[in-house]
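The residues of the chain are indexed from 1 along the displayed sequence.
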Amino acid sequence: MKSPAAFLLACLSFSSAALAENWPSWRGPNQDGSSGETGLPAKFSPTEGVRWAADVPGLSASVPVIWGDNVFITAPIDAEKKLVGLCYDKQTGREKWRTTISEGSEIQWDDKSNLASPSAVTDGDRVFFLFANAIAAACDFEGKIVWKRDFKETHGAFATQWTYGSSPALDGGKLYIQVLQRNEAFKFQDKFEKGTAGKDMSSYILAVDPATGKDLWKHIRPSKASTESLEAFSSPIFTTYKGQRLMLISGGDTLTIHDAATGKEFSRIATWNPPGEGYNKFFRLVPSPVVGEGMAIVCAPKNSPIFAMPLDAKGETKPVWQTEPKGVTSDVPTPAFYKGKFYVLDGGRKTLSCLEPKTGKVVWTGELGGKTKFESSPTVVDDKVYCINFWGEVYVAKANTDQFELLGMNEMGNGTKPNGNASSVRASVAISDGCLFIRSQDKLYCIGKKVQAAP
């Protein structure tokens with residue numbers, strides 16, 4: 001029989017393990033940029049609070065994805081013209097493996113991003129990688145490719161002017177690929193073929209069997225948008241509301257809500273770009289939807305308002321609220337939801353705002369500061385909001401409060417300033433086991449308390 005002290009120690013160990021969370025996709029365990037973990041630091045540096053720092057072979061916007069003792073990222077290797085998936089040991093930062101998914105072609109299609117922008121996603125058995133050249137693969141946790149396919153062969157190349165960046169998603173035993181694209185093939189910079197002539201270039205959501213990589217269904221998502229407004233770099237978001245599993249898709253001048261199991265559309269916002277009076281004519285959409293308190297929000301592009309839609313809406317509907325024109329908005333970062341509030345990072349203005357979900361009331365807006373943009377999305381945990389800018393500076397603000405308070409700024413970049421945006425940091429901060437996982441220009445950092453071994 002265990003002694004009282006031993007029993008107490010066992011209970012504490014179990015409690016600690018229960019609080020530790022994986023970060024299985026780019027927006028984390030709740031799909032809203034938040035985590036329930038505690039004890040995260042507000043102040044750190046490349047030499048302070050660092051558990052380990054690992055070299056990464058190439059810069060990418062893909063977020064570290066974490067399961068157990070494994071940290072997964074994607075990366076381009078320019079010199080070798082390779083796109084790879086990598087796995088690091090969460091305890092030590094040791095590179096466990098790197099697997100080449102695609103090689104022999106260009107890895108960069110514009111001066112702002114590369115083909116490794118989509119983040120990985122994992123179900124705890126396999127990790128799934130997708131690249132902007134439409135090549136995807138599933139690997140086991142030893143790095144062996146389970147299946148690989150080129151979506152160009154069956155569905156055509158992705159037809160987006162700027163480099164495709166939607167991350168794959170897992171839900172209900174299905175792998176989802178979102179492709180919101182131009183409705184015809186075209187050539188970009190007189191060099192790159194976008195889309196495939198002769199293929200149906202409609203925008204779509206594809207459900208794939210995670211075990212085999214075979215298509216389960218394809219849902220065509222119509223839109224009244226045109227040219228660049230058809231393009232979106234958002235990712236699917238899933239939630240349960242009133243017993244119904246829902247999928248939310250933003251782009252093509254609208255937000256839509258679907259049955260997650262079948263792709264059937266339940267509702268949509270009519271548009272945020274009405275003819276003759278729109279906020280943005282012919283602009284792509286970047287932020288993904290976010291859900292909180294029964295409400296979904298989406299940020300229209302280029303300093304346009306935020307629009308809100310209830311999760312039980314039916315058919316084509318108007319937003320229940322929207323922010324003021326030139327008010328709170330986000331062109332690139334996806335907002336977060338935490339403890340009953342939305343947190344919106346305006347990367348160009350370098351401001352952070354807190355909003356009430358039901359009304360859109362702005363609780364506060366604060367200046368983060370700095371001289372460069374934010375294009376990563378905010379991460380909220382332990383009553384703190386973490387925002388990382390192009391230079392790798394991590395700003396930490398207080399969450400779950402009625403007024404803005406900046407707790408500090410932490411320089412995690414390598415000192416390289418963006419040159420034509422080529423060296424910009426865009427990966428959001430990930431959280432697991434009481435640690436921050438931060439991807440800078442050339443390093444992957446683990447910061448915080450000593451991580452616990454996975455059971």
List the steps and the verdict of side-chain hydrogen bond (donor to acceptor under 3.5 Å, both in side chains) for Thr271 and Asn273. CA-CA 5 Å; Thr271 184; Asn273 197 1; 5.9 Å; no

Parallel under 30°, tilted from 30 to 60°, perpendicular over 60°: which one fits the rings of Phe151 and His155? tilted

Determine which pairs satisfy salt bridge (charged side-chain N to carboxylate O under 4.0 Å, His left out) with at least one residue from residues 168-185, sequence neighbours left out, and list them in order. Asp171-Arg245, Arg182-Glu231

Given the rule in the side chain to side chain contact (heavy atoms under 4.5 Å, CB included) test, do Thr317 and Met309 qualify, once you have shown the distances and angles that lead to the verdict? CA-CA 8 Å; Thr317 184; Met309 179 181 181; 3.9 Å; yes

For Glu293, I'd like to know if atom CD has over 12 heavy atoms of other residues, nucleotides or ligands within 6.0 Å. yes

Applying the ring-ring contact (aromatic ring centres under 6.0 Å, His included) test to Trp162, which of Phe188, Phe283, Phe192 qualifies? Phe188

Are any of the side-chain heavy atoms of Val425 and Ser376 separated by less than 4.5 Å? no

Counting neighbours of NZ on Lys314 that are heavy atoms of other residues, nucleotides or ligands and sit closer than 6.0 Å, is the number greater than 12? yes

Using a strict 4.0 Å threshold on nitrogen-to-oxygen distance, state whether Asp331 and Arg284 make a salt bridge. yes

Which pairs with one or both residues in residues 126-145 pass side chain to side chain donor-acceptor pair (under 3.5 Å), sequence neighbours excluded? Ser102-Asn133, Asp123-Arg126

Do Val429 and Phe437 have side chains that approach each other closer than 4.5 Å (heavy atoms only, starting at C-beta)? no

Kindly say whether Ala313 contributes a backbone atom to a donor-acceptor pair with the side chain of Ser267 at under 3.5 angstrom? yes

Does Glu95 have any salt bridge (charged side-chain N to carboxylate O under 4.0 Å, His left out) partners at least two apart in sequence or in another chain, and if so, which? Arg98

Side chain proximity check, Ser428 to Glu375, heavy atoms < 4.5 angstrom: no

Under 3.5 Å: donor-acceptor pair, side chain of Ser440, backbone of Lys443: yes

Where do Tyr241 and Phe266 land on the ring pair (Phe, Tyr, Trp, His ring centres under 6.0 Å) test, with the steps shown first? CA-CA 13 Å; Tyr241 189 68; Phe266 291 144; over 10 Å; no

Trp23 vs Pro29 side-chain heavy atoms within contact, under 4.5 Å: yes

Note, Cys446 side chain near Gln91 side chain (heavy atom, < 4.5 Å): no

Just by modelled atom types, is the Ala54 backbone N or O under 3.5 Å from a matching donor or acceptor in the Arg94 side chain? no

Given the ring of Tyr88, does Lys96 sit roughly above its face, with NZ or CZ under 6.0 Å from the centre of the six-membered ring and within 45° of the axis? no

So, the side chain of Gln31 versus the backbone of Phe238: is there a donor-acceptor pair under 3.5 Å, distance only? yes

Verify whether the ring centers belonging to Tyr386 and Tyr395 lie closer than 6.0 Å. no

Expected output: side-chain Asp150 to main-chain Lys152 donor-acceptor under 3.5 Å: yes

Indicate, with yes or no, if the rings of Trp52 and Tyr445 have centres closer together than 6.0 Å. no

Should the pair Phe72 and Trp97 be assigned to parallel (<30°), tilted (30 to 60°) or perpendicular (>60°) ring geometry? tilted

